[in-house]
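This is the structure I want to talk about, given as structure tokens.
For ligands, and for the atoms within them, numbers begin at 1 and follow the listed sequence.
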Amino acid sequence: MRRKSCVFLLTLIAGLVMTGCSKQEVPTDAVVESSVAVEETVEVESSIETESTVVAEAEPEVDHSAEIEPVEGLSEDFVFGCDMSMLIAQENSGVVYYNEAGEEQDPLLTLANNGVDSIRIRIWNDPYDENGNGYGGGNNDTATAIAIGQRVTEHGMTAFIDYHYSDFWADPKKQMLPKAWVGMTTEELADAIYVFTKDSLGQILAAGVDVSMVQLGNEITNGMCGENNWTNICMMLKGGCQAVRELEEEYGKEIQIVMHFANPHTADYQKLAMRLEKNEVDYDIFATSYYPFWNGTLENMQSVLQGIVDNYGKKVMVAEISYPYTFEDGDNNQNSLYENCGSPFNYEISEQGQAEAVRDCVEALAAIGDAAVGIFYWEPAWIPVPDDTGMTRSEIWEKYGSGWASSYASVYDPNDAGKYYGGSAWDNQALFDHEGNPLSSIQMFNMMKGE
Ligand code: CA
């Protein structure tokens, strides 16, 4: 058991004994079990002796025991990764992460020790307002990517760079042009993408970051840079491809080019690969987001990716996956997933459920064979920022960009960030608990490898 949780548990139990708190007010199942034991014993024993006895007995009962079987048939090169783009903003906000022994530790090292091979890092062109205030969501510009990437390299992992070609979040619902590119023609945009990618990725490589993959555009299922004509989109993508290939040569380094899409459960998903082929876009990996509670069955996802391998000769990958371990909200910014939110949950909401959801997806990928090259867990360390620093959480999100959006993003993204800016909607899907301790599910990567 993690030392910090142990102290936390002791504190809670002490509080329960002293206040006679009812079970209903206790936040977790694990503590509820302990509190029952305490309440029964407390009548005849002194509280201090009872606490130590109960905690010692309660330890094995705490449900931190995710366990899964190794995945057979995985390619030796299969990459287990995590997207850790929020990291610097989280740390600036005062978030502290611990290792399994309860000691403060770089979460990148904790992930590396648990079998993670690669870290994905998103990049926005200019996520700042005219006064230099960050839009939030990690304020992920090239400098931030370098700061994360250097630590990733130090810990022996590779970096997977994810260009959104926007100043803020790009996904199937929005693909806003960077401010500096408004009014450009398609040809000008293709050139702007070439110049930006060459400069940004050039800086990252020059800083010594071990980049293995570069993604051009994020979840571009319905378009990119405000464009939805695929001939034009492909022309722009080719600008990015050219930049990566030139840097590959310059640095004598093999870099895989990734195209990334979302919503594999929707019709005509394979047509995306057809359009790329028809327009002769030079890339290596067709990647999809696959969120088990949003994106249909595993069988469908597997069949779609298998089709892309068979028909277009590409490698395939799941670039984003996650699963909740709790329905508790750690920062009062409503989570994307909550009880009765309407999404189907085919696994238990627990650390075990998290590990199983990811393992089943990896097994589905393994069945595709060597062409399936990896999976990345999305934002496993985006946990609540502290609320005991003299600043409110809202003030911290605004100042350090650790919420999904700050109010400063309102002018650029008035309809989404402008209305709903705030904190983390993902804290219940992390692989660290709300206090920064690694969950048992973080061991899933090594478990799947059979290590
Ligand atoms: Ca939350």
Handout entry: salt bridge (charged side-chain N to carboxylate O under 4.0 Å, His left out) partners of Arg359, counting only residues at least two apart
Key =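 Counting only residues at least two positions away or on another chain, Arg359 forms a salt bridge (charged side-chain N to carboxylate O under 4.0 Å, His left out) with Glu363.
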Problem - Any donor-acceptor N/O pair, Asn446 side chain to Asn113 backbone, under 3.5 Å - result: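 Between the backbone of Asn113 and the side chain of Asn446 there is a qualifying donor-acceptor contact (under 3.5 Å).
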Exercise for the section: Just jot down the ring-ring contact (aromatic ring centres under 6.0 Å, His included) partners of Tyr97, sequence neighbours excluded, or say none. Expected result: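 Once residues adjacent in sequence are excluded, the partners of Tyr97 under the ring-ring contact (aromatic ring centres under 6.0 Å, His included) criterion are Phe432.
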Exercise for the section: Spell out, as yes or no, whether a donor-acceptor pair under 3.5 Å connects the side chain of Gln354 to the backbone of Ala430. Expected result: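 A pair under 3.5 Å: yes.
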Practice task
Could you tell me which residues satisfy ring-ring contact (aromatic ring centres under 6.0 Å, His included) with Phe345, sequence neighbours excluded, listed by chain and number?
Solution key: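 Only Phe327 meet the ring-ring contact (aromatic ring centres under 6.0 Å, His included) criterion with Phe345.
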Handout entry: Distance flag, aromatic centroids of Trp382 and Trp404, threshold under 6.0 Å
Key =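 Ring centroids of Trp404 and Trp382 are no less than 6.0 Å from each other.
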Exercise for the section: Under 3.0 Å from the Ca ion (ligand 1), how many protein N/O/S atoms do you get? Just the number, please. Expected result: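 Every protein N, O or S atom under 3.0 Å from the Ca ion (ligand 1) counted, the figure is 6.
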